[in-house]
Amino acid sequence: MMQRKPNILLIYTGGTIGMVKDYDTGSLKAFDFDELLKHIPELAQLDCDIDSVSFKKPIDSSNMNIKYWIEIASIIETNYKAYDGFVVLHGSDTMSYSASALSFMLENLAKPVIFTGSQLPIGDLRTDAKENLITSIQIASLQEKGKPVIKEVGLYFEYKLYRGNRTIKVNAEHFEAFSSPNYPEIAESGVHLKVNSSFLLASKAGKKKFKVHKNMSDQVGTLKLFPGISELVLNAVLATEDLKVLVLETYGAGNAPTDKWFIDKLKNAITKGLHIINVTQCTGGSVTMGHYETSELLQRMQLVNGKDITFEAAITKAMYLIGSGVSDKLFKTIFETSLRGEMQ
Ligand code: ASP
């Protein structure tokens with residue numbers, strides 16, 4: 001029996017990748033995505049079938065929000081059975097947030113969802129868009145015995161495929177714009193496309209049904225510590241109406257000032273039901289509460305341990321857990337458990 005070619009759905013949300021230069025005015029404008037083949041004729045040579053859908057009004061990813069994440073999740077849900085893989089074209093600025101959010105929203109994923117974008121528009125002579133797009137499609141088409149090889153949300157940029165919820169954007173200039181400091185790349189594009197099988201997320205999809213979660217709560221906030229932070233700033237953040245989760249960006253291995261006013265205010269907020277998550281400001285490494293005196297107090301007052309999670313994954317995981325109605329009693333335990341390979 002002839003095996004059919006894998007089919008891939010491209011979801012264009014916006015960002016630099018889908019733009020072309022208007023040579024009359026010199027400005028960048030979104031191009032009609034139906035004309036994709038015209039700009040990248042190489043796509044016709046790929047061993048897969050490609051369809052595309054586009055946001056009605058493509059956005060700069062700085063305008064990304066919960067509503068758009070639900071739109072991406074819904075497109076994947078509607079087309080889940082009909083396609084073997086999905087490639088989401090997205091601006092690079094908030095791509096790590098979206099890849100993290102979608103990793104939580106898509107439970108028991110058994111197919112690849114690959115986020116990609118570019119630093120230069122597709123119509124630019126020196127563009128990085130072609131390589132990023134073509135290889136993302138190839139990665140989404142990878143199959144073994146008729147089943148997708150990648151069964152998670154990935155982010156592909158500049159020859160590397162990362163686990164999406166492990167990434168951060170690190171550079172606004174270089175083509176190598178992303179990094180995954182706490183988890184190795186899951187595939188690499190060189191002369192050959194090399195998948196690091198041992199780092200792939202073990203999918204539960206064989207046993208469990210694919211489920212799309214569309215309730216993401218916006219009752220989350222953040223506070224980044226800095227030496228000299230005032231009581232007024234802390235008061236203002238803690239007084240935020242309806243705040244359920246605060247991601248506290250601490251120093252080093254999860255350390256914070258030991259001033260009495262600081263500790264008392266956090267303690268008081270926790271007693272009133274606020275979940276405070278300890279996430280380090282360092283790009284690599286992990287929170288280890290109790291290692292220093294400056295984190296022992298935080299541990300004693302039951303701060304949630306963010307371990308080696310990225311800020312992007314911490315915020316979106318909190319949105320997902322609160323949106324899913326996880327009880328106050330269980331929040332800490334569930335947050336500290338890796339759900340989609342986002343933490344150790
Ligand atoms: N500002 C753009 C965006 O994130 C940058 C990019 O596409 O890379 O939408």
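Computed over heavy atoms, backbone and side chain alike; hydrogens, waters and symmetry mates excluded. Counting starts at 1 for both ligands and their atoms, in listed order. Quick note: residue numbers are just sequence positions, from 1.
H213 has its ring centre less than 6.0 Å from the ring centre of Y320.
Checked against H90 for a ring pair (Phe, Tyr, Trp, His ring centres under 6.0 Å), the options F157, F115, F178 give a single hit: F115.
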Hey, can you pull the donor-acceptor pairs under 3.5 Å for the side chains in residues 233-241, sequence neighbours left out?
from: N235; atom 1: OD1; to: K265; atom 2: NZ; distance (Å): 3.2
from: N235; atom 1: ND2; to: E231; atom 2: O; distance (Å): 3.4
from: T240; atom 1: OG1; to: V237; atom 2: O; distance (Å): 2.5

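Ion pairing between E152 and R163 holds under the 4.0 Å rule for side-chain N and carboxylate O.
The protein residues lying under 4.0 angstrom from ligand 1, judged by non-hydrogen atoms, are G15, T16, D60, S61, G91, S92, D93, S118.
Looking at D328 and H275, their side chains do bring a donor and an acceptor atom within 3.5 Å of each other.
With contacts defined as side-chain heavy-atom distances shorter than 4.5 Å, the pair K111/Y80 qualifies.
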